[in-house]
Amino acid sequence: MTTALNLAAANSLITAALAHARTHSMASLCVAVLDAGGHVMALQREDGASILRPQIATAKARGSLGMGFGGRELARRAAANPAFIGALAALADGDMLPVPGGVLVRTADGALIGAVGISGDLSDKDEACAIAGIVAIGLVADVGVQELHTDLPAA
């Protein structure tokens, strides 16, 4: 089981996330893996993914890291309190997106070690790919709203 998020693990995570996308005939994706400090460790944009996908993927991951919960919870809070999320986005210089597809990466004991952001398809599908990538390398995917994933998402 992986207990750290290093470059090799980040690249393996991306490979697994993209494999999940191809298996489910999803649109071309961009995957960003950030360490716990919010620094990009690895980023890949598939052929055909639009030019803003790297920024979107990074913003999904960075928003989750910045608030300490996954994009699904950020989306829930944005719907309940749009003024706060608007102020948060301004504070983050626009580098956060409150939608599914930003997923925290945790160890089995709950330690936060990074985040993944994926963009290119519908946000729910992006999130499923992030979960698949995280689980494939033996870590725990945290999307927020009391949902922790240690197994593959349903197709």
(request) Please determine which of Val116, Leu97, Ile118, Val103 meets the side-chain contact (heavy atoms from CB on, under 4.5 Å) test together with Lys60. (result) Leu97

(message) Any heavy-atom pair between the side chains of Leu29 and Cys129 that's under 4.5 Å?
(response) yes

(request) Please examine the side chains of Arg62 and Val40, heavy atoms only from C-beta on, and report whether any two atoms are closer than 4.5 Å. (result) yes

(message) Set out, in order, the CA-CA distance, both residues' side-chain angles and the distance that settles salt bridge (charged side-chain N to carboxylate O under 4.0 Å, His left out) for Arg53 and Glu46, then state yes or no.
(response) CA-CA 10 Å; Arg53 295 302 176 182; Glu46 287 184 302; over 6 Å; no

If you compare all heavy atoms of [X] against all heavy atoms of [Y], which two are closest, and at what distance to 0.1 Å?
{"X": "Ala10", "Y": "Val33", "result": "CB-CG1, 3.7 Å"}
{"X": "Ala42", "Y": "Asn11", "result": "CB-OD1, 3.6 Å"}
{"X": "Asp126", "Y": "Ser119", "result": "OD2-CA, 3.4 Å"}
{"X": "Ala79", "Y": "Pro82", "result": "O-CD, 4.0 Å"}
{"X": "Leu65", "Y": "Ala36", "result": "CD2-O, 4.1 Å"}
{"X": "Ala115", "Y": "Ala61", "result": "CB-O, 3.7 Å"}

Please check if [X] and [Y] belong to a single hydrophobic cluster, counting links between Ile, Leu, Val, Met, Phe, Trp and Tyr side chain heavy atoms closer than 4.5 Å.
{"X": "Val143", "Y": "Ile14", "value": "yes"}
{"X": "Met67", "Y": "Ile85", "value": "yes"}
{"X": "Ile56", "Y": "Leu43", "value": "no"}

State the [atom1]-[atom2] distance between [X] and [Y], to the nearest 0.5 angstrom.
{"X": "Leu112", "Y": "Phe69", "atom1": "CG", "atom2": "CZ", "answer": "12.5 Å"}
{"X": "Thr58", "Y": "Met96", "atom1": "OG1", "atom2": "CE", "answer": "14.0 Å"}
{"X": "Leu5", "Y": "Leu13", "atom1": "CG", "atom2": "CG", "answer": "7.0 Å"}

Side-chain donor or acceptor of [X] paired with backbone N/O of [Y] under 3.5 Å:
{"X": "His24", "Y": "His20", "answer": "yes"}
{"X": "Ser12", "Y": "Ile137", "answer": "no"}
{"X": "Asp142", "Y": "Gly144", "answer": "yes"}
{"X": "Ser64", "Y": "Leu104", "answer": "no"}
{"X": "Asp121", "Y": "Met26", "answer": "no"}

(request) Start with the C-alpha distance between Thr107 and Ile113, add both sets of side-chain angles, then the distance that settles side chain to side chain contact (heavy atoms under 4.5 Å, CB included), and finish with yes or no. (result) CA-CA 7 Å; Thr107 62; Ile113 59 172; 3.8 Å; yes

(message) Checking Leu74 against Arg77 for the side chain to side chain contact (heavy atoms under 4.5 Å, CB included) test, could you report, in this order, the C-alpha distance in whole Å, the side-chain angles of both residues, the deciding distance, and whether it holds?
(response) CA-CA 5 Å; Leu74 274 173; Arg77 292 185 185 205; 5.7 Å; no

(message) Leu18 vs Val31, test: side chain to side chain contact (heavy atoms under 4.5 Å, CB included). Steps then yes/no.
(response) CA-CA 8 Å; Leu18 294 176; Val31 182; 3.8 Å; yes

